[in-house]
Structure formats: C-alpha cells, structure tokens
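Input: a single structure, listed below in structure tokens.
When a ligand or atom number is given, it counts from 1 through the structure's own listing order. Numbering starts at 1 and runs along the sequence shown.
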Amino acid sequence: MTLQFREPEPELITGATGEWEIIVGLEVHAQVSSQSKLFSSAPTDFGATPNSSVGFVDAAMPGMLPVVNEFCIEQAVRTGLGLNARINRYSVFDRKNYFYPDLPQGYQISQLYHPIVGEGEILVALAPGVARRVRVERIHLEQDAGKSLHDMHPELSYVDLNRTGIALMEIVSYPDIRSPREAAAYILKLRQIMRYLGTCDGNMQEGSLRADVNVSVRPADSKAYGTRCEIKNMNSTRFIQQAIASEARRQMALLEDGGDVAQETRLYDPDSGSTRSMRSKEDAQDYRYFPCPDLLPLELDQAWIDDIAATLPELPDEKKARLIDRYGITDYDAEVLVAERQHAEFFEQTAAGRNGKQVANWIINELFGRLNKENLTIATSPISAAQLGSIIDLIDEGVISGKIAKSLFDIVWREGGDPRRVATQRNMLQITDSRALEDAVDKVFVASPTQVERALTHSKVAGYLVGQVMKLTAGKADPRQVSQIVNKRLGDLRDQS
Ligand code: MN
C-alpha cells in the first residue's frame with residue numbers, strides 16, 4: 001500500500017518583468033526528547049529557574065570533559081530511520097568556534113564533516129492526491145546555546161544557561177520547497193513524524209522546534225539558483241510563511257531593479273511584516289571547524305541500528321494508506337485522523353466492526369469540534385471510543401435518530417455513562433411503534449385544520465405537518481415513517497372529498 005500523488009502546480013509570484021519562482025530550503029533544529037543534555041547529566045526541564053539546570057560541562061568549567069549521552073544518539077538514529085535516511089555508522093563531533101555570551105565554551109560541539117544521518121526524504125501532502133517530495137540532506141547532532149536576556153534590566157544583559165548543552169538534531173533539507181505553504185507543511189510533517197517516533201515533542205512555543213529558512217528567487221523559466229538569504233530562528237509556521245513571502249518579494253524587486261541579492265542572515269519582524277539584515281552570512285571556514293579532541297568518533301554497530309529499526313511504529317504515510325484501504329475512508333479524512341498517533345488509535349478502536357466513514361465523520365466533526373471548543377485533547381476526552389461506538393450503534397440499530405444522537409453525545413460528554421442506558425432512562429428512544437405515530441399524526445391534524453386543508457392542494461405544506469409531528473414527539477419519531485403516514489392520511493382525505 002503506497003500513496004499515489006502528483007506534484008503541486010507551481011505557485012509563482014508576479015513582478016514587473018514577469019513571473020518568479022520561490023526556492024526554499026530549511027534547517028530545522030529539533031530538540032531531542034531527553035531527560036538530560038547531550039554531553040552532561042544536567043536536566044532539560046522547560047521553564048526551570050534560570051541557571052538551575054547547568055552542569056560543569058555546560059558551564060565550561062576548566063578540565064571538564066563531555067560524555068556522550070547514548071540515549072540522544074539513539075533518538076537521532078531513530079529519527080533518521082523514520083525519514084528513510086541513511087544512517088552513518090561513522091560520525092564525528094566537531095567544534096564550531098565562535099564567541100557569544102551565552103556560549104561559555106567559546107565553541108559549539110556540532111557535526112560538520114561526518115554527520116550521524118545522511119540523505120533521506122519527506123513526503124509533504126498539500127491536498128488530496130497532491131504532495132511534494134522534499135529531500136533531506138543530513139541530520140547532525142549538536143549542543144544548543146544558552147539564552148541572553150536583554151529586557152530585564154535597563155543597562156545590563158543577563159544570561160540563562162539552562163538550554164546550554166541540550167541535544168538538538170539539525171535536520172537540513174535540500175532546496176526542494178517551492179512556496180510558503182509548502183514550507184509550513186514540511187515543518188508540520190517533520191513534526192508529525194518525530195512525534196510518532198517520540199524523538200522530539202515538536203512544541204514550537206517552548207522552542208523545541210525552530211527553523212532557519214533559506215530563501216531565494218529565480219525567473220520562472222530559469223533553472224539556476226539565485227543567491228539566498230537565511231532568516232534565522234523562527235518558531236511559528238505562520239510567521240515562517242509571512243517571512244518567506246515578504247523576503248521573496250524583496251529579492252524579486254531588488255533583482256528587477258538590476259540589483260544583486262547579498263548573501264546574508266536576516267531577521268523577520270512580525271510587527272512590520274518584513275525582514276531586516278542581521279549580519280553578512282558567514283561560511284563554514286569562518287568558524288574554524290575541527291574535530292573535537294575531547295570526543296572519540298562515534299562508531300555504531302549495525303545490529304544496534306537494526307534493533308532500533310525493529311521498534312519503529314507505523315508512521316503517518318503508511319498509516320494513512322492503511323486506513324484508506326481498510327476502512328474505506330477518504331484521503332482527506334485519513335489525513336486528518338493520522339495527524340496525531342492518538343487520534344488514529346481512537347479512530348481504529350471506534351471503527352472496529354463499524355462503518356469507517358460514519359465513525360470518521362463523528363470523530364472529525366463532533367468529537368474534534370467539541371474537544372477544540374473546550375480546549376481538550378483526545379487524551380482528556382470525556383467520551384471514550386467505546387462510548388462513541390455505542391452511540392453510533394444505537395443510530396444504526398434505529399434505536400435513536402441521528403439528531404437525537406447529538407443530544408445523547410452531549411449528555412454522555414457532560415455526565416458520562418453507558419449511552420444505551422442513558423438513552424433509555426432519558427426517554428430518547430426512537431418511536432417506531434406505528435400506533436404511537438398514528439396517534440401523534442391524529443393530534444397534529446386535529447390541532448392544525450387550516451394547514452391540513454392547504455396541504456390537500458399544496459404538497460409543501462405536508463412537510464410542515466411532518467415537522468409538527470416531529471416537534472410533538474421531541475424528535476424521536478422516524479421522519480420517513482411520519483411522512484408516509486401524513487401522506488397516506490392526506491390521500492385518504494382527498495379521496496373523501
Ligand atoms: Mn545549528
């Protein structure tokens with residue numbers, strides 16, 4: 001089972017001289033979900049008191065030596081396997097030298113020449129049947145830096161080293177992305193895969209996932225890449241899209257005026273909606289990279305890699321194809337349901353032995369709608385898969401109507417309980433007894449003589465009478481059955497006159 005897809009249509013931007021194509025490559029920094037740092041045993045809790053989670057290694061105390069955290073290595077390998085990437089059994093940590101107040105070592109331990117993961121790819125769905133294949137160039141492991149706080153004192157800056165030394169996976173894509181929308185979809189897909197794998201929680205507000213965005217433009221008929229600018233450290237897909245759109249227009253205008261794009265690092269300012277220059281872009285040689293003498297090269301056993309591969313869960317693309325195939329649901333519904341692993345699990349628990357399409361509708365429209373509205377997640381849902389399944393069974397058995405089912409859903413949501421018992425106790429069962437329905441129709445006919453008179457010649461008015469019966473039975477009558485009785489009764493009256 002594989003997903004069939006075609007590449008998206010180009011989304012060009014129009015300038016004074018013609019159409020331009022946007023080219024985007026992303027460097028995503030994903031924080032490894034680990035209790036301790038990459039080279040120290042200091043904890044990684046988010047929001048801890050400043051400088052309370054700092055080991056001697058992180059603070060770069062003289063003579064302290066880094067020790068590799070095997071768990072972090074495993075998570076990088078796991079992520080690589082999840083992206084169908086080549087795992088490099090030999091990799092090396094390098095020192096990337098630069099000065100920054102929140103980097104006490106004076107260098108960042110990273111991997112330049114021999115990253116732990118090589119080429120892979122991500123399939124980015126953009127619409128049903130439409131996807132972009134984005135190649136991943138590499139994933140390397142590196143330390144995060146600390147944080148300088150410039151807004152806590154009028155004259156001084158503070159430094160918080162809690163983040164210093166936290167393990168990051170830098171996931172570098174090829175420039176295969178062609179629009180702001182594709183860039184956002186790529187990041188969300190990467191996030192989804194890592195959340196399935198459990199290697200990164202993907203919490204963008206807490207900075208667990210940040211992206212450096214490389215943008216260039218070229219005339220629509222050109223194949224050569226233009227000079228790119230890098231927009232640094234973005235953690236919102238909305239701002240990333242805005243930044244790409246605005247940066248592409250800036251470069252296009254510059255080129256159309258006969259100017260050149262300078263390779264540089266820029267910052268996006270959400271208030272002005274534009275990017276501004278931060279510094280001219282440095283090249284690798286400016287950092288004087290060299291292998292870190294404190295750390296041996298990493299040499300991984302193939303058997304160890306194979307053991308990790310054997311524990312990978314079913315990933316989103318595979319799961320989506322299987323759900324479509326097994327439950328007969330649409331591409332769209334499957335895409336929504338696999339967004340989170342727990343959503344797909346809830347769906348499969350509910351759909352077992354039931355109509356998949358009907359279950360998907362209930363989950364996507366009613367359940368997700370309500371969860372969103374009340375700021376809850378599937379893990380804290382007041383309604384279980386068994387309870388939802390039972391409500392759907394009651395509809396299928398003709399015990400309750402679809403409309404009553406929504407009221408029942410609401411009651412079970414607020415008060416809990418076995419839906420079947422609740423429906424009985426609350427007198428919600430559908431009236432299928434034809435005598436009871438005949439009685440209700442009688443009552444309506446007696447109460448509305450004028451409408452009955454008009455219904456004899458105007459068929460639309462019959463619908464009004466059906467509505468009155470539904471009202472009288474508090475929605476518990478089967479509208480089709482009521483309509484039959486009403487029409488039969490009107491027919492008899494016509495024959496009599
Ligand atoms: Mn980096």
Side-chain angles (χ1 to χ4, degrees), residues 24-34 37-39 44 58 66 68-69 72-73 75-76 79-80 83 85 88 91-120 136-148 161-175 183 186-187 190-191 194 199-200 202-204 206-215 228-235 240 243 263-268 278-292 295 298:
V24 177
L26 290 170
E27 296 164 25
V28 172
H29 287 91
Q31 179 176 333
V32 175
S33 291
S34 164
K37 296 183 179 180
L38 183 54
F39 300 116
T44 59
D58 311 315
V68 170
N69 180 340
C72 294
I73 306 298
Q75 302 318 302
T79 302
L83 302 181
N88 293 325
S91 67
V92 179
F93 285 107
D94 299 300
R95 285 187 183 177
K96 179 182 185 181
N97 298 281
Y98 63 99
F99 169 79
Y100 213 74
D102 56 28
L103 184 74
Q105 288 169 157
Y107 55 83
Q108 176 192 33
I109 304 179
S110 180
Q111 297 184 308
L112 178 66
Y113 302 107
H114 299 282
I116 187 162
V117 177
E119 290 187 339
V136 168
E137 185 191 325
R138 57 188 278 154
I139 304 176
H140 60 259
L141 274 167
E142 63 185 27
Q143 300 172 298
D144 204 351
K147 198 171 166 191
S148 299
L161 297 182
N162 280 354
R163 291 199 76 96
T164 309
I166 282 182
L168 302 178
M169 299 179 279
E170 181 170 334
I171 303 157
V172 183
S173 87
Y174 280 102
Y186 167 85
I187 291 173
L190 188 56
R191 177 179 185 274
M194 290 190 294
T199 57
C200 169
N203 191 328
M204 297 184 83
E206 294 182 1
S208 299
L209 201 62
R210 289 119 66 191
D212 298 340
V213 185
N214 290 290
V215 181
R228 66 191 159 89
C229 287
E230 181 185 37
I231 311 162
K232 268 285 188 218
N233 219 11
M234 306 206 60
N235 65 349
I240 286 171
Q263 185 178 329
E264 61 185 358
T265 300
R266 300 179 70 86
L267 275 184
Y268 178 67
M278 187 181 163
R279 56 171 188 252
S280 71
K281 174 70 185 170
E282 59 292 332
D283 284 314
Q285 62 267 24
D286 299 324
Y287 289 111
R288 302 291 187 272
Y289 277 94
F290 63 86
C292 183
L295 289 158
L298 281 176

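Glu264 and Ser280 share no side-chain donor-acceptor pair at under 3.5 Å. Using modelled atom types, one finds no donor on one side chain facing an acceptor on the other under 3.5 Å when comparing Gln31 with His29. Gln143 and Gln105 form a side-chain donor-acceptor contact under 3.5 Å, judged by distance and modelled atom types alone. There is a side-chain donor-acceptor pair under 3.5 Å between Tyr174 and Glu119.
Taking the six-membered ring where the residue is Trp, the centroids of Tyr98 and Tyr107 are separated by 6.0 Å or more.
By the criterion of a separation under 2.8 Å, the protein N/O/S atoms near the Mn ion (ligand 1) amount to His29 NE2, Glu142 OE2, Glu170 OE1.
Without hydrogens or angle criteria, Asp94 side chain to Leu112 main chain gives a donor-acceptor distance under 3.5 Å.
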